[in-house]
Structure formats: structure tokens, C-alpha cells
Amino acid sequence: MPYHAVQDDDGVRIDFRAVYDRLIVPAITEAGMEPLRADEDPESRGIFQKSMFERLVVCEFALADLSTGNANVYYELGVRHALRPYSTVLIFREGYRLPLDVAHGSALSYPVGPNGEPEDVAGTTNRLVTRLRAARDARVDSPVHQLVTGLPVLEVDHERIDSFRMHADREEQLRRRLERARRTGLEDVRLVEADLGRTEDLALRPAIDLLVTYRSLSAWQDMTRVVRGLAKPVARVELVQQLFAWALNRAEEDAEAEAVLNDLLARRPSSETYGLLGRVYKDRWERARGAARRSGLLGRAIDAYVKGFESDWRDLYPGVNAVLLMSLSSPPHERMAELLPVVSWASRRRLARQDREPDYWDHATDLALGVLTGDRARAHKELECALAVVRDRFEPETTARDLSFVSEAMRAHGEDATWVEEIVEELRSEGP
């Protein structure tokens with residue numbers, strides 16, 4: 001399946017992240033199976049193709065989302081149908097017209113709402129669970145094997161299946177070990193890294209887990225060192241490059257961070273990448289001297305954040321940063337009155353979702369919006385919620401720094417900022 005929100009030929013937007021998290025994963029789990037998805041960059045080559053083919057051959061069950069007619073999905077489905085006569089389940093967005101070769105009635109449709117997220121989640125999940133459990137009966141579902149007689153059926157060596165499962169188990173064990181090391185300190189994380197062997201031999205999943213663990217400890221130099229040592233196919237993956245740019249900027253190597261992000265935007269614009277680019281310009285603005293230079297950098301940061309929010313309004317990181325920086329302009333930015341209610345509404349909608357527990361950034365975002373709208377009750381409520389779910393030390397530090405800019409601007413505009421400064425102090429004293 002695609003991994004991001006996509007608009008199909010009919011103009012219907014499908015949020016595949018929400019489809020996966022809210023529909024597919026719960027159904028697979030309820031059916032007594034374990035979800036396994038290869039979240040590699042579709043532009044990557046080499047080792048990721050090997051991983052993809054291995055999954056198509058070895059996994060006992062496979063699920064394909066045929067919505068949008070994504071060429072990669074259809075190619076992989078063709079490989080699966082050629083190799084496996086049964087145990088492949090198909091789904092698609094309700095109303096999408098499937099191509100003739102797969103429009104034979106066996107695919108399960110699911111409805112999506114105007115925001116691209118799945119509707120009737122409970123009902124669709126139940127139907128999908130039934131399909132997944134029926135796949136255990138080994139009825140031939142491949143049109144290739146249904147229509148062409150005498151095709152050989154691939155027999156996968158049990159040792160290879162066991163090896164694949166052991167590989168997945170090792171990745172899970174590594175995640176748990178890194179989590180324990182994160183709690184005990186940076187040196188223990190480095191010991192785990194040393195046990196992994198050569199950096200250039202790291203596969204994508206362990207590399208990302210290691211980078212995220214270092215990020216949680218603000219170990220920016222360790223992050224950049226790891227990425228520079230990865231094999232090129234791994235290092236080129238979008239998420240790895242985003243983590244690399246994050247670390248470069250925090251290590252004050254912002255020129256290289258900017259170059260990395262602009263290269264990513266040239267390949268595939270995304271709200272996340274625009275948000276990171278906005279952060280580069282915001283940090284430059286903070287360090288800059290001279291009114292003209294500061295004004296120019298502030299404008300570039302706002303522009304990057306706005307582009308990120310406009311590309312995906314559900315990604316609140318660029319949205320809240322855009323309005324936060326707009327509030328620092330003197331006079332306030334001309335688009336703030338237009339954008340602030342939209343960002344505020346999107347934040348409340350995200351907090352109201354029933355399928356997930358809000359994390360630190362969900363509450364911190366609404367805290368900042370409470371400050372920007374002058375809603376003290378909202379701000380203090382979200383402060384309490386945010387501090388209850390702090391995970392990484394950079395989280396409250398980042399929020400405190402951003403709100404300190406707001407309090408300074410409020411005082412410059414002749415407003416009472418005491419209550420905001422008290423929030424900043426609580427954030428600075430409550431980090432882990």
C-alpha cells in the first residue's frame with residue numbers, strides 16, 4: 001500500500017496512514033496475525049527490493065490496498081499472485097473503479113470520509129477480520145493459479161521462513177534493548193550500537209530505531225555520525241534524511257541541513273520536510289543580528305511552515321509554528337487572523353480522535369494555541385496534560401523556548417506576559 005495521503009484520479013483523498021493505523025492493524029491483530037509493513041522509501045533501490053521480495057515470498061499472508069491504482073502495489077501484487085496461489089487479501093476505497101484483471105469481486109471495499117480517513121471503521125474491521133481468517137483455509141485466490149492449470153506451487157524452505165521470523169524477532173528485541181538503554185543513558189545506547197557491528201551493514205529498521213533513540217537523548221553528533229556511516233541505499237531513505245537534517249541543524253550545521261532538506265523537497269515535497277526547513281530558518285533567525293536580516297529570516301521560516309501546513313493540514317507541527325512566528329511580527333503577520341482559527345480547529349480535532357492517545361506534541365501544540373488565542377484555561381489544561389506524557393528531554397525544552405519568544409513579543413506589544421512566563425518556567429523545570 002502507499003504510506004502517505006494520496007489523491008486518486010477521481011479527486012478522492014485517501015489517508016493511507018489512517019487506513020493502516022485504524023483499519024488494517026486492528027483487523028490483522030484481531031485475526032490472530034502480526035502486522036508487518038516495509039516502510040521504505042519507494043524511490044529506494046537495492047536492499048529494499050530484496051526485503052520486499054522476501055516478504056512477498058515468505059509471509060504466509062499478504063494484504064494489498066488497490067486504491068489509486070498505485071503501480072508499485074500492483075506490481076508487488078502480481079509477484080505475490082504468481083508465487084502464492086492463496087492467502088492474499090485485497091481491499092480498496094469504496095467507489096474506486098478497479099482494473100479488469102482484479103475486478104472479480106474478491107476485493108473488500110472500505111468507505112472514506114471527506115478528510116480521507118476510513119469511515120464505518122468497526123464494521124469494515126469486522127469484515128476484514130473475516131477475510132483474513134478465511135485466508136487460512138488456503139482457497140486459491142490468485143487469478144493466475146485459478147485460470148492457468150498446472151502451474152507449479154512454490155514451496156518455501158522452512159529454514160528460510162524461520163530465518164525471516166527470527167529476523168523480525170531480532171528487530172523487536174533491538175527496539176526493546178534500545179528503550180532500556182535510553183532510560184539509563186547515552187553511554188548505554190552507544191554500547192548497544194557497538195554490538196550491532198559496522199554501521200554500513202545496518203538495515204533500515206535498526207538504523208531508524210538507533211537514530212530515534214539518539215534523538216531522544218539530544219545526541220546530535222551521534223546521529224550525524226551514524227547517518228554518514230550508513231550504506232547509501234539506507235541513508236537515502238526519506239525518514240533517515242529528515243532525521244539527519246534535524247540533527248545537523250541542532251548541531252549548528254544548518255547550511256548542510258538546508259541542502260539536505262531542499263534535496264528532499266525536490267524529490268517529494270512533504271509537510272514534514274517543509275516543517276524541518278522552517279525550523280532551520282527559525283533557528284537562524286534566533287541567532288541573527290540586525291533587524292533587516294532577522295526580518296528576512298523570519299519571513300522565510302513562516303513561508304516554509306505555511307507551505308508545510310497547506311500541503312497537509314493534519315500535520316500540526318508546521319501549522320502551529322507558522323502562527324507562532326506570525327505572532328512575533330510587528331505588526332502581526334497579515335495572514336495570522338486567517339490561519340490561526342484553522343490551526344486551532346485542526347488541533348482540537350486531533351485531540352478529539354478516539355483511535356489514539358494524544359502524545360506530548362498534541363498537547364504542547366494546543367498549549368501554544370491557547371497562549372496565542374489568550375485562552376488561559378486551555379493553555380493550563382494542556383500544560384498539565386503535556387507534562388504528564390513527556391518522553392524526551394528536548395520536548396519541554398523546545399516548547400519552553402518557543403513560548404519564551406511569544407512572551408517577549410507580548411511584552412513588546414504592551415501586553416501582560418506574566419502568565420506565559422510562568423508556563424515557560426514550569427516547562428523548563430519539568431523535563432526528564
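On a predicted model such as this, the values are computed, not experimentally measured, just so you know.
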Count the heavy atoms belonging to other residues, nucleotides or ligands that lie under 6.0 Å from [atom1] of [X], then report whether that count exceeds 12.
X	atom1	value
Arg139	CZ	no
Arg401	CZ	yes
Tyr86	OH	no

- For Glu187, what residues pass the salt bridge (charged side-chain N to carboxylate O under 4.0 Å, His left out) criterion, not counting sequence neighbours?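 Salt bridge (charged side-chain N to carboxylate O under 4.0 Å, His left out) check on Glu187 returns Arg190.
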
- Message: Taking salt bridge (charged side-chain N to carboxylate O under 4.0 Å, His left out) as the definition, give me every residue that meets it alongside Arg177, ordered by chain and number, with sequence neighbours left out.
- Response: Asp195

Salt-bridge criterion met for [X] and [Y] (N-O under 4.0 Å):
X	Y	result
Glu258	Arg300	yes
Arg84	Glu76	no
Arg182	Asp392	yes
Arg80	Asp141	no

- Message: Determine whether a donor-acceptor pair (N or O, by modelled atom type, separation under 3.5 Å) exists between the side chain of Thr130 and the backbone of Asn126.
- Response: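 Yes, because the side chain of Thr130 sits within donor-acceptor range (under 3.5 Å) of the backbone of Asn126.
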
- side-chain contact (heavy atoms from CB on, under 4.5 Å) partner of Val406, the single match among Leu325, Ile423, Val371: Val371

- Message: Once ring pair (Phe, Tyr, Trp, His ring centres under 6.0 Å) is applied, do any residues pair with Trp285, and if so which ones, sequence neighbours excluded?
- Response: Phe405

- Arg215 to Trp246 six-membered ring, cation-pi geometry met (6.0 Å, 45°):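 Flagged: Arg215 positioned over aromatic ring of Trp246.
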
